[in-house]
Chemist: 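Next up is a structure, given as structure tokens.
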Amino acid sequence: MRFEEFAAARMPAVLRFAGVLTGDRGLAEDVVQEVLIRAHKRWSQISELDRPELYVRKMVVNEYLSWRRRSWRLIPGGTAQDVDDRLTPDHALGHAERDALLAELGKLPRRQRAVLVLRYYEGLPDSEIAEVLGCAPGTIRGYASRALAALRVELAPHVVSEESSK
Amino acid sequence: VRTEDDLRAALRALERHAPDLSAVLPDAAPGTGRRRRLPRWPWLRIGGPVLVALAVVAAVVTPLTVGNLLKHDLPNEPGGSATSDSARSFLEDAAARLTAAPAPAAGAYWRVSVFVGNLGASGPNAHPFIIDERDMLSTTWYPSSPSAKTVAYANREQTSALPTPGAAAAWWAAGRPSLPHRAAKEVPYPDFGSGGDLGDPYFGGQKLTTAQYRALPTSTAELKSAIEAAAREVPAPLPGQHPLTQEQKIFNVCLALLDHDPVSPAVRAAALRVLATLPDIQLEGTVTDSLGRKGAAISVPGITAIPWGTGWGQSVPASMDPKAYPRLRIVLSPSGVLLDEEYATTAPSLSGLSVFPPSGAIPGPTKCPAGWYPYDHGNSCAKDGDVVHDLGGGSFEITGPHGGPASGKVPVFLNQPKVAVPTGTVLAYRAFIGAEWTNDTPSASASVQHIPVTSVAPGTSSAGSSTAGSAGTRSSHVVILVGPPSD
């Protein structure tokens, strides 16, 4: 697969993933662009991999985890297209709980957030999340349980039993 | 009760942050005029895919003596008046001193050491104080040889300093809590291709090799033409951003040369003279830089802090007033050495900044009165018609006709105490420790590991300080460096 074909076919999903992972369009753009530039340079190797898309996601996660943006925090970043629609009367009540959850999600350490996004948005099993993050599956379960506890999300019984897979 | 399905639904709602494909492609189709460059600043590029293989090295390497690298300790110089004429004469004098000094012989590597940090708020909400988050010290080795690679050693040990007497007093009042500290980590640099790709440095919209840097002209007129040409290559800002003026681009290209690109002192001197030709250039006076060195602050009104430089077409969002942005000022030694790039507030309280009214701390979580919609657990309140801007990183700004009763029309940073800072406060900085040619082999031990910081007993100079938590004017002799938490 050529890089251009990959970009056309697979990138929309990667872009959505980056949007969810970062929760910030500007950051998602920066992260994905950095990854694309690097992936483009090394495309001949990446395209040889079994699952180039998973590898690109891994690059996105790593870029997100390492992104240095401290001074950016101090700079106004809102743009017109980022205007939030959550305050319109129709949405306000229905989305209050979701907003609260998202606000708490925003406070999680990035690694924990990444684990939740990979597990609950991408639907990856813990073994693949471990591969993406470069650590042991047990570590992933630790991140996930800490993050879920922080968000006060109650686990469905079948997920708890997944612990037996170690 | 929240369920996993609630979490799934909430995550799907974040898809609205997905960028457009056209915004992220490395090279947009020709003719679109949309080509963004990588950030120029090395500290923004540390990490990447190598992170998972991050070599965590305890800081046991023998630190290089920094005395010889910290060459810019300067005597106190009288400040000049803030007029364009004195900025010109300062820059001309500095250029003359640069060219008079013997040019160093080129070596195998051009070694640059940089220290970055920014202000942040810390402490309990009742006693917030400002800390200087001294975040990263990095040394980058740019090779002369096109077959060698750029390498860098970054020490991400984070220490915190209390930058002012007011901050020290507030910290004392808060019961001297432990300050943020992160153990030292040595971070590998992203891979750069060889063949003369140096990595970060940009000359306007272009990337130059060491040889091209060496070939830059030393006459002011010729360098100015080259800089103007490079400035024209700077990509247009993205849609929804203010256009960049040619003066801003020229300022940024000059800054790139001065901020320790591998150029000769003669080229650097010519860059100073080009700066002197900018119509609005001004000398703000003598300031103390982020490492406690005295220097002259030079700026151009209206040139705002674009943290990554303009090299890749980044500009101020159109929804923001550029005048309300932090402004960029540079601190130069009398001999023309760039000491510091500083991002300073332009007003005591600015929409969109973690900057709050000079009256002092803003209380933490509040309950919203009837008719107001609580946002983010009551950290702020808003009414219909207000607009919430998600600034990322868990921070939000509310603008619109109402604002919030507790916060006013200021942004709300979740779980962070709010501290007032006055106009002119340096919010973020990039300080240069040294740059020189060397024949050393790149290694951690031959890179700067620590920088000396004046340390004084807490509380001694803070008595009688009135504005708790205020950043105020920085003054190196009251810096309190706090090491690892003692627990």
Side-chain angles (χ1 to χ4, degrees), chain A residues 7 11-12 15-16 18-20 22-29 32-34 36-38 40-41 59 62-63 65-66 68 70-84 86-87 89 92 98 100-103 105-107 116-117 120-121 133-134 151-156 159, chain B residues 1-4 6-19 21 23-26 36 38 43-44 46-49 51-52 118 133 135 240 305 307 317-320 325-326 343 351-354 373 376-377 382 384 386-395 397 414-415 427-428:
Chain A
M11 282 312 292
L15 292 167
R16 282 196 298 275
V20 174
T22 60
D24 177 313
R25 184 195 302 261
L27 177 57
E29 270 183 22
V32 173
Q33 185 175 56
E34 178 80 28
L36 278 186
I37 289 168
R38 218 177 279 145
H40 185 246
K41 272 188 194 166
M59 292 173 79
N62 287 334
E63 191 62 33
L65 292 177
S66 62
R68 304 294 303 150
R70 301 197 68 87
S71 71
W72 202 235
R73 194 184 74 195
L74 302 163
I75 311 292
T79 61
Q81 70 211 40
D82 292 335
V83 166
D84 198 301
R86 283 177 278 180
L87 288 182
R98 192 197 72 191
L101 181 54
L102 288 177
L105 185 73
K107 291 184 231 169
L116 291 189
V117 170
Y120 293 103
Y121 178 73
L133 285 171
L151 298 179
R152 301 188 305 282
V153 170
E154 292 199 356
L155 288 180
V159 174
Chain B
V1 172
R2 288 173 176 168
T3 66
E4 292 172 293
D6 292 338
L7 178 58
R8 286 190 185 95
L11 288 172
R12 275 198 301 278
L14 292 175
E15 283 181 350
R16 68 198 165 89
H17 295 294
L21 183 59
V24 298
L25 286 178
R36 285 168 57 172
L38 287 175
W43 53 279
L44 283 163
I46 300 293
L51 189 91
V52 284
N118 54 243
E133 297 175 334
D135 199 38
S319 60
M320 302 283 170
Y325 243 58
Y343 299 98
S351 174
L353 297 173
S354 59
Y373 179 71
D376 295 315
H377 298 272
D384 291 349
D386 288 341
V387 176
V388 173
H389 302 268
D390 185 345
L391 302 180
S395 60
E397 178 198 359
L414 301 180
N415 281 345
L427 295 176

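Since this is a predicted model, take the numbers as computed values, not measurements. Just so it is clear: chains get the letters A, B, ... in the order the sequence lines come, proteins before strands, and each one is counted from 1.
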Chemist: Would you name the heavy atoms of B:Glu4 and A:Tyr120 that are closest together and state the gap between them?
Modeler: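 Looks like OE2-OH, 2.6 Å.
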Chemist: As a test of understanding, state which of A:Thr22, A:Asp24, A:Leu15 forms a side-chain contact (heavy atoms from CB on, under 4.5 Å) with B:Pro19.
Modeler: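 Exactly one pass, corresponding to A:Leu15.
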Chemist: Over all heavy atoms of both residues, which pair between A:Leu101 and B:Leu7 is shortest? Give the atoms and the distance, please.
Modeler: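 In terms of heavy atoms, the two residues are closest at CD2-CA, 3.9 Å.
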Chemist: Check each of B:Arg12, B:Glu15, B:Arg8 against A:Tyr121 using the side-chain hydrogen bond (donor to acceptor under 3.5 Å, both in side chains) test, and report the only one that passes.
Modeler: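 Checked B:Arg12, B:Glu15, B:Arg8 against A:Tyr121; only one passes side-chain hydrogen bond (donor to acceptor under 3.5 Å, both in side chains): B:Glu15.
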Chemist: So which atom in A:Ala28 and which in B:His17 form the shortest heavy-atom distance, rounded to 0.1 Å?
Modeler: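 For A:Ala28 and B:His17, the tightest heavy-atom pair comes out as CB-O, 4.1 Å.
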Chemist: Counting heavy-atom pairs under 4.5 Å with chain B, which one of A:Leu151, A:Leu116, A:Val153 comes out on top?
Modeler: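 The answer is A:Val153.
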Chemist: Where do A:Val20 and B:Leu14 come nearest, in terms of heavy atoms and distance?
Modeler: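 Scanning both residues completely, I find the closest heavy atoms to be O-CD1, 3.6 Å.
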